[in-house]
Amino acid sequence: MSIANIAVIGAGTMGNGIAQVCAVAGYQVTLIDVSDAALERGVATLRKNLDRQVSKQTLEAAQAEAAVGRIRTSTDYAQLKDAELVIEAATENLELKKRILQQVAANVSETCVIATNTSSLSVTQLGAAISQPERFIGVHFFNPVPMMALVEVIRGLQTSDATYAAAMALTGQVGKTAITAGNRPGFVVNRILVPMINEAIFVLQEGLASAEDIDTGMRLGCNQPIGPLALADLIGLDTLLAIIEAFHEGFNDSKYRPAPLLKEMVAAGYLGRKSGRGFHVYG
């Protein structure tokens with residue numbers, strides 16, 4: 001399956017990152033969101049990230065400009081008519097994603113591959129919301145997308161071999177390494193990572209150590225590049241809570257219950273880096 005035109009739904013952190021790597025790889029990209037303001041923020045972030053790569057000499061200035069030139073933005077799903085692959089990158093909310101995917105399916109050709117960037121939700125369940133679910137697949141990029149080398153490719157029960165092959169080919173074309181994961185809550189990486197972060201929050205909640213000491217302990221004691229609480233702030237505490245709640249519901253196992261402190265932080269609006277305050281404070 002030859003793909004030249006890609007659309008990304010959602011211009012937030014994940015969406016603009018996915019749009020960026022696809023455009024740098026030479027694809028024509030349509031970036032869709034609900035408002036012009038959201039699109040402007042997404043493109044501004046994308047440009048800033050490209051400029052950073054140019055300053056670090058990992059990308060030439062001409063390549064960065066060419067990439068921006070390959071991206072068009074719209075709030076109109078009718079602009080998806082020429083897309084050969086669409087990647088949904090909306091918030092981790094099952095009903096929201098279903099509604100978006102149904103809008104996508106209503107505006108693309110019957111041969112268009114439709115993918116979700118979900119980090120925790122069932123690919124089979126999401127695929128069942130659209131016509132021809134055999135063309136649906138999970139492609140889970142990691143944050144920050146331009147820097148992280150991994151993509152989890154997740155087949156739903158309905159996913160065809162051709163769709164799987166197209167998704168695997170795409171990951172290689174955008175310079176990522178793919179692993180194949182089964183359709184279970186959290187797939188592989190988050191299934192291991194998120195409970196570890198949740199446990200770090202329990203440790204903080206119980207007063208065993210400060211946030212700084214927990215992060216220092218895991219960086220120096222386990223050779224992690226970033227501590228679990230700093231990583232939670234980077235992911236976004238609301239996103240983290242949504243993932244661990246999906247685990248709790250999906251597995252029906254109390255070991256995945258979210259730490260009460262995490263729920264309280266989200267209720268207070270302390271969401272991490274994006275709000276300026278989480279387990280740490282950001283300027």
Side-chain angles (χ1 to χ4, degrees), residues 13-14 17 21 49 52-53 56 58 92 117-121 138 140-154 171 175-182 184-283:
T13 300
M14 297 305 296
V21 298
N49 289 336
R52 185 180 296 113
Q53 287 183 273
K56 291 183 177 180
T58 59
E92 286 292 282
N117 184 56
T118 184
S119 57
S120 62
L121 300 174
H140 177 214
F141 289 80
F142 286 77
N143 183 32
V145 177
M147 303 299 296
M148 300 296 282
L150 183 69
V151 174
E152 290 178 317
V153 176
I154 307 102
T171 60
K176 305 300 183 185
T177 297
I179 63 171
T180 303
R184 296 292 183 274
F187 315 127
V188 173
V189 174
N190 280 341
R191 172 77 176 271
I192 298 166
L193 176 67
V194 171
M196 184 272 287
I197 296 175
N198 193 49
E199 192 64 24
I201 299 170
F202 272 113
V203 169
L204 178 65
Q205 176 183 300
E206 293 168 17
L208 298 183
S210 68
E212 291 76 12
D213 282 352
I214 290 168
D215 281 348
T216 299
M218 293 304 289
R219 282 192 297 104
L220 302 184
C222 297
N223 204 28
Q224 295 183 353
I226 184 172
L229 300 179
L231 181 55
D233 285 348
L234 179 62
I235 293 168
L237 302 194
D238 51 343
T239 300
L240 185 69
L241 179 59
I243 294 170
I244 196 70
E245 285 180 333
F247 287 10
H248 195 203
E249 180 180 354
F251 290 113
N252 193 28
D253 189 330
S254 62
K255 76 177 182 179
Y256 297 111
R257 71 198 187 283
L261 177 58
L262 174 60
K263 297 171 74 173
E264 190 171 15
M265 296 278 282
V266 171
Y270 300 159
L271 306 181
R273 285 182 178 269
K274 61 187 174 186
S275 69
R277 178 174 178 178
F279 295 109
H280 302 280
V281 177
Y282 303 90

*Asks:* Would you sort out whether E92 and T118 count as a side chain to side chain contact (heavy atoms under 4.5 Å, CB included), showing the intermediate values?
*Replies:* CA-CA 7 Å; E92 286 292 282; T118 184; 3.0 Å; yes
*Asks:* Between V194, V189, I243, which is the residue that forms a side-chain contact (heavy atoms from CB on, under 4.5 Å) with S119?
*Replies:*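 Only match with S119 under side-chain contact (heavy atoms from CB on, under 4.5 Å): I243.
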*Asks:* Could you state the interatomic distance from NZ (K176) to CZ (F142), rounded to the nearest 0.5 Å?
*Replies:*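 If we round to the nearest 0.5 Å, K176:NZ and F142:CZ are 11.0 Å apart.
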*Asks:* Of D238, I244, T239, which meets side-chain contact (heavy atoms from CB on, under 4.5 Å) against L241?
*Replies:*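 One option only clears the test, and that one is I244.
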*Asks:* For L261 and F279: C-alpha separation, side-chain torsions, deciding distance, then whether side chain to side chain contact (heavy atoms under 4.5 Å, CB included) applies.
*Replies:* CA-CA 10 Å; L261 177 58; F279 295 109; 4.1 Å; yes
*Asks:* Look up atom CG in D215 and atom CD in Q224, then write down how far apart they are to the nearest 0.5 Å.
*Replies:*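 Going from CG on D215 over to CD on Q224, the span is 9.0 Å.
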*Asks:* Taking side chain as C-beta onward, heavy atoms only, is P258 less than 4.5 Å from H248?
*Replies:*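 Touching, per the 4.5 Å side-chain cut-off.
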*Asks:* I need the E199 CD to I214 CD1 distance, nearest 0.5 Å.
*Replies:*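 Going from the CD atom of E199 to the CD1 atom of I214 covers 10.0 Å.
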*Asks:* So H280 and E212, side chain to side chain contact (heavy atoms under 4.5 Å, CB included) or not? Walk me through it.
*Replies:* CA-CA 8 Å; H280 302 280; E212 291 76 12; 3.9 Å; yes
*Asks:* Would a 4.5 Å heavy-atom cut-off, applied to side chains only, mark I235 and N143 as touching?
*Replies:*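 With C-beta onward as the side chain, the pair stays apart.
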*Asks:* Does CD belonging to E249 count more than 12 external heavy atoms closer than 6.0 Å?
*Replies:*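 Open: at most 12 neighbouring heavy atoms sit under 6.0 Å from CD of E249.
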*Asks:* Between atom CG of L237 and atom CD1 of I201, what is the distance when rounded to the nearest 0.5 Å?
*Replies:*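 Atom-to-atom, L237:CG and I201:CD1 are 6.5 Å apart.
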*Asks:* Identify the heavy atoms of L231 and L193 that sit nearest to each other, and give their distance.
*Replies:*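 Scanning both residues completely, I find the closest heavy atoms to be CD2-CD1, 3.8 Å.
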*Asks:* Heavy-atom count around N223 CG within 6.0 Å, excluding the residue itself: above 12?
*Replies:*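 No, not enclosed.
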*Asks:* Give the minimum heavy-atom separation between P228 and M196, together with the two atoms involved.
*Replies:*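 Closest heavy-atom pair between P228 and M196: CB-SD, 3.8 Å.
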*Asks:* Are any of the side-chain heavy atoms of F202 and P260 separated by less than 4.5 Å?
*Replies:*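 Counting from C-beta outward, F202 and P260 do come under 4.5 Å.
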*Asks:* For P185 and F247, which heavy atoms make the closest approach, and how far apart are they?
*Replies:*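 Heavy atoms of P185 and F247 come nearest at C-CE1, 3.4 Å.
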*Asks:* Check the pair V266, L271 against side chain to side chain contact (heavy atoms under 4.5 Å, CB included), reporting the backbone distance first and the verdict last.
*Replies:* CA-CA 6 Å; V266 171; L271 306 181; 4.2 Å; yes
*Asks:* Check N117, V21, T13 against V145 for a side-chain contact (heavy atoms from CB on, under 4.5 Å) and give me the one that passes.
*Replies:*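 With V145 as partner, side-chain contact (heavy atoms from CB on, under 4.5 Å) holds for just one option, V21.
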*Asks:* Does the side chain of E152 come within less than 4.5 Å of N190's, by heavy atoms?
*Replies:*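 Side-chain contact under 4.5 Å: no.
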*Asks:* Testing the basics here: between P146 and Q53, what is the closest heavy-atom pair and its distance to 0.1 Å?
*Replies:*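 That closest heavy-atom pairing would be CB-OE1, 4.4 Å.
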*Asks:* Crowded around K274 NZ? As in, over 12 foreign heavy atoms under 6.0 Å?
*Replies:*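 Yes, enclosed.
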*Asks:* So which atom in M14 and which in F141 form the shortest heavy-atom distance, rounded to 0.1 Å?
*Replies:*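 Heavy-atom minimum between the residues: CE-O, 3.3 Å.
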*Asks:* Which pair of non-hydrogen atoms, one from A178 and one from T171, has the smallest distance, and what is that distance?
*Replies:*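 Where A178 meets T171 most closely, the heavy atoms are CB-OG1, 3.4 Å.
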